[in-house]
**Q** 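Quick one: the structure is below, questions incoming.
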Amino acid sequence: MKMSHLFGQTLREAPADTEFVSHQLLVRAGYVRQLGAGIFSALPLARRMLTRLENIMREEINAIGGQEMTMPVVHPADIWKETGRWYEIGSEMGRFKDANGRDMVLAMTHEEVVTDLVRNVIHSYRQLPALVYHIQTKWRDEVRSRGGLIRVREFTMKDSYSLDSDWEGLDQQYRAHYQAYFNIFHRCGLDVIAVESDVGMMGGKKAHEFMYLAPIGEDTLVLCDACGYTANRQVATFQKPTSPAEETLPLEKVATPGTKTIADLAAFLGIPESKTAKAVFLVATVSEDQADVEKFVFAVVRGDMDMNETKLTNAVKAKALRPAHEEEIRAIGASPGYGSPVGIKEDVLIVIDDLVAQSPNLVAGANEDGYHYLNVNYGRDFTAGIVTDIVAVEEGHACPECGATLRTSRGVEVGNIFKLGTRYSAAMGATFLDKNGKAQPVIMGSYGIGSGRLLACIAEKYNDNYGLCWPITVAPFQVHLVALRGGFEVAEQLYSDLQAAGIEVLYDNRNESPGVKFNDADLIGVPIRLTVGGRSLKKGGVEIKARTAKDLTLVPLAEVVARVQNEIATQEATIMAKVTPTPYPG
RNA sequence: CGGGGCGUAGCGCAGCUCGGUAGCGCGCUUGAAUGGGGUUCAAGAGGUCGGGCGUUCGAAUCGCCCCGCCCCGACCA
């Protein structure tokens, strides 16, 4: 590619509304342009990279038996109504009516479509297992897109769907993806960790997220350095402290004026926060018979811990959760700041953390302004509809596996794998006949990687003060050939020689000053730079420089192609050395 | 959806308080010089001042409404 014809322009200054380095550099270097909030065009430089990323995905998914296909971006709403997600998912689903007034959906993901295909195509256990995938555009109308290319509304994803006749088969395909995903990210030069995650709107049984650890990440991860336990904070668990054995003491009501927070209360009574119970009032939206119903939820955790919304949402099978208004709290007989499950109306759904159930003699509100109860005990003084883990893990808690101290870190989710099970096949009647001639729902898995987000993460990792520094395996070109005065004729020849040798070359043939060319080359970030000019020729050849290297090396003209091939091989080998088997946890 | 900020040429910005018919730097075009890290000089092209309504003799500037974009929060695979 000659730079004089490259569609795109480098900018000296980044647009004012860009925040992250990856976003700034990708715009400045001419890779992407923004059309609207969370909507981007990929210019030729970015398109070349996306193609390379997607080809890496193709190779790895093909290697575990995947067959590429393409499923549509626009779906009739009927299939989404069949699985219920038409009703469960809120405003992030793109909906419109076609010319005949039929409800239509913009693809957020493709479980419904693939399941529809499965019920039409798969009839026998003999056709299983199978693995299909596609690379397709999705639309998720995030209420708030942010972070440049990290969190967008329109994006392209590689998603694969595994189909099995038994659970062992699903487990096998799941593990195969687990390794394939590490291979993909490592081949892109990105270090990731796999963490246990919430299944969210996908439903299903088990899920891992692949996380690129970076401060710009929007997810908080819980990590154990001792045993390797990793989980998204949304689902992370920990070893709860054991409560001291105590005689249960009689319930006692005490005046505690002006102690609306746990900290105030503990200070007022001179007790640790761990001896208190914290009440949180929420209203859950629950789907009942395709209609949304609001249910009051009264959650209780120990005073020294925080509630985890995801865990609570899952515990009550809610579609959404919001804090309750004061009137709603009073309506159930509780008092904000002095709430407790003791003496609450019976039809209220009380969810308590399992640690609260085991902790004797806690201090809890008296549901009366300015009063608390001492020595509240589960079972004697109150009961709960649900007793389960609803506490958020904090830095310093004990690892659920080995007991060592946990730490937290931020991460960007670049991929995920889900064991869907029969969630979709059962709902849509995608069954096969087993050996006994009995109809069984197909057992499914779903596995996604967002290519644009992957590109942004690589940009976020590989840059310096001058611009981008792509890994050779994903770079838009392998060589950036800079022609300076007195070197244009040689450069032209070199350009065709390199291309003839199968090397991807970006050739800066523009009549620009050297400084402009070098700065653009650094900004664009092609891994190997060749410079030909009167000066280099006088010295006997062409200068070669790796983007990340400090020094130039002079190479005789006749050896340039071989030398470049050698450099490419070396850089590729460095990255491929990281592609190794990763043990599957558990 | 709540809070904050912004919208003037491709990009970065000034002008707005105090209304008088739009400017700077970069980029772009042409010419000349320069020629190894955003070089220099000269001459140019390019703007419905986000949109609508209103006030006014006159609106980028004042008022009202709307739209868009960014950040924080809520939310989210």
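Order of the sequence lines fixes the chain letters, A, B, ..., with proteins taken first and strands second; residue numbering starts at 1 for each chain.
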**Q** Does anything in residues 209-222 of chain A pair up under salt bridge (charged side-chain N to carboxylate O under 4.0 Å, His left out), and if so which pairs, sequence neighbours excluded?
**A**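 Every salt bridge (charged side-chain N to carboxylate O under 4.0 Å, His left out) pair that includes a residue of residues 209-222 of chain A, provided the two are not neighbours, is A:Arg146-A:Glu218, A:Arg151-A:Glu218.
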**Q** Extract all donor-acceptor atom pairs below 3.5 Å that involve side chains of residues 279-286 of chain A and protein atoms in other chains or at least two apart in sequence.
**A**
none

**Q** Give a yes or no on whether the ring-centroid distance for A:Phe210 and A:Phe182 is below 6.0 angstrom.
**A**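 Yes.
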**Q** Along nucleotides 28-51 of chain B, 5' to 3', which nucleotides get a B, which get an S, and which get a -, given that the test is a protein heavy-atom distance under 4.0 Å?
**A** -------BBBBB------------
**Q** Could you list by number each residue of residues 41-49 of chain A showing a heavy-atom separation from RNA chain B of less than 4.0 Å, or answer none if no residue does?
**A**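 RNA chain B contact set from residues 41-49 of chain A: none.
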**Q** Of all residues at least two apart in sequence or in a different chain, which pass the side-chain hydrogen bond (donor to acceptor under 3.5 Å, both in side chains) check with A:Glu82?
**A**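 So A:Glu82 forms a side-chain hydrogen bond (donor to acceptor under 3.5 Å, both in side chains) with A:Arg119.
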**Q** Not counting sequence neighbours, which residues clear ring-ring contact (aromatic ring centres under 6.0 Å, His included) with A:Tyr133? List them please.
**A**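 Counting only residues at least two positions away or on another chain, A:Tyr133 forms no ring-ring contact (aromatic ring centres under 6.0 Å, His included).
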**Q** Got a sec, which residues hit side-chain hydrogen bond (donor to acceptor under 3.5 Å, both in side chains) with A:Tyr181, two or more places apart in sequence or on another chain?
**A**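 Per chain and number, A:Tyr181 pairs via side-chain hydrogen bond (donor to acceptor under 3.5 Å, both in side chains) with A:Lys158.
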**Q** According to side chain to side chain donor-acceptor pair (under 3.5 Å), does anything in residues 1-13 of chain A pair up with another residue at least two apart or in another chain? List the pairs.
**A**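 Found A:Ser4-A:Asn509, A:Thr10-A:Asp520.
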**Q** Using a cut-off of under 3.5 Å, enumerate the N/O to N/O pairs linking the protein to nucleotides 3-6 of chain B.
**A**
none

**Q** Quick one: which protein N/O atoms are closer than 3.5 Å to N/O atoms of nucleotides 72-75 of chain B? Pair and distance per line, please.
**A**
| unit_1 | atom_1 | unit_2 | atom_2 | d |
| --- | --- | --- | --- | --- |
| B:rC72 | OP2 | A:Arg144 | NH2 | 2.0 |
| B:rG73 | N7 | A:Arg144 | NH1 | 3.2 |
| B:rC75 | OP1 | A:Glu309 | OE1 | 2.8 |
| B:rC75 | OP1 | A:Glu309 | OE2 | 3.0 |
| B:rC75 | N4 | A:Arg146 | NH2 | 2.8 |

**Q** Partners of A:Thr582 by side-chain hydrogen bond (donor to acceptor under 3.5 Å, both in side chains), sequence neighbours excluded?
**A**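 side-chain hydrogen bond (donor to acceptor under 3.5 Å, both in side chains) list for A:Thr582, sorted by chain: empty.
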**Q** Could I get the full list of ring-ring contact (aromatic ring centres under 6.0 Å, His included) partners for A:Tyr31, not counting sequence neighbours?
**A**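 ring-ring contact (aromatic ring centres under 6.0 Å, His included) check on A:Tyr31 returns A:Trp470.
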